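Have a look at the structure below before the remarks.
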Amino acid sequence: MTSRTCPCGLPASYDACCGRFHGGSAAAPTAELLMRSRYSAFVKGDAGYLLRTWHPRTRPGRLELDPGTRWTGLEILDATDGSAFHSSGSVTFRASYRGGSLLERSRFERVDGAWVYVDGEFPEERG
């Protein structure tokens, strides 16, 4: 990943990809793009964006990110629904960080037309 490439893994600059969502000039049009932008927000330490894109019924009152965590990559494993034609969707992904990785199946819903993160479950790795 170069400094100009978006942390989410798509072949675009940060400004043209997740940066426009973080800055508020656009909203993620799919659940997968919201998930990617939330991963990028973790990389950038943008707790405000994470809270703004969290479903009101499951959003914590505050969010403290660990500044020592170094996120190193994102792999989308599966995406179900979550397009402009759906009201909910899920994305299964692996987010790698220095020293390990996190496997999560995240659920998303639309609130007032915008995609938001509801919650996630952590399936066990099958080896």
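It should be emphasised that the depicted structure is a prediction, and the values quoted were computed from it without experimental measurement.
Between the side chains of Ser37 and Tyr49, at least one donor N or O sits under 3.5 Å from an acceptor N or O. Between Glu104 and Ser106, the side chains place a donor N or O and an acceptor N or O closer than 3.5 Å (distance only, hydrogens not considered).
Taking CZ from Arg36 and SG from Cys17, the interatomic distance works out to 7.5 Å, rounded to the nearest 0.5 Å. The CG atom of Asp119 lies 7.5 Å from the CZ atom of Arg57; values are rounded to the nearest 0.5 Å. Arg52 contributes atom CZ, which lies 8.5 Å from atom NE2 of His22 (distance to the nearest 0.5 angstrom). Between the CZ atom of Phe122 and the CZ atom of Arg105 there is a distance of 11.5 Å, given to the nearest 0.5 Å. With rounding to the nearest 0.5 Å, the separation of CD in Glu32 from OG in Ser90 is 11.0 Å. Phe42 CZ to Leu102 CG: the interatomic distance, rounded to the nearest 0.5 Å, is 9.0 Å.
With contacts defined as side-chain heavy-atom distances shorter than 4.5 Å, the pair His86/Thr80 does not qualify. Side-chain atoms of Leu50 and Leu65, non-hydrogen and from C-beta on, do get closer than 4.5 Å to each other. Considering only heavy atoms from C-beta on, Cys18 stays 4.5 Å or farther from Pro7 through its side chain. Put simply, the side chain of Ile76 reaches to within 4.5 Å of the side chain of Phe93, judged on heavy atoms.
Two different hydrophobic clusters hold Val91 and Val111 under the rule that ILVMFWY side chains link at heavy-atom gaps under 4.5 Å. Val116 and Trp54 sit in two unconnected hydrophobic clusters of ILVMFWY residues. Membership requires side-chain heavy atoms under 4.5 Å apart, directly or through other members. No single ILVMFWY cluster, assembled from side-chain heavy atoms under 4.5 Å apart, contains both Leu63 and Val118.
No donor-acceptor distance shorter than 3.5 angstrom exists from the side chain of Ser87 to the backbone of Arg110, with no hydrogens or angles considered.
Summarising the geometry of Cys6 relative to Ser40, their closest heavy-atom pair is SG-OG, 3.8 Å, with the distance given to 0.1 Å. Looking at every heavy atom in both residues, Phe108 comes nearest to Tyr117 through CD2-CA, 3.6 Å.
Only one option out of Tyr39, Trp115, Phe21 pairs with Leu34 in a side-chain contact (heavy atoms from CB on, under 4.5 Å); it is Trp115.
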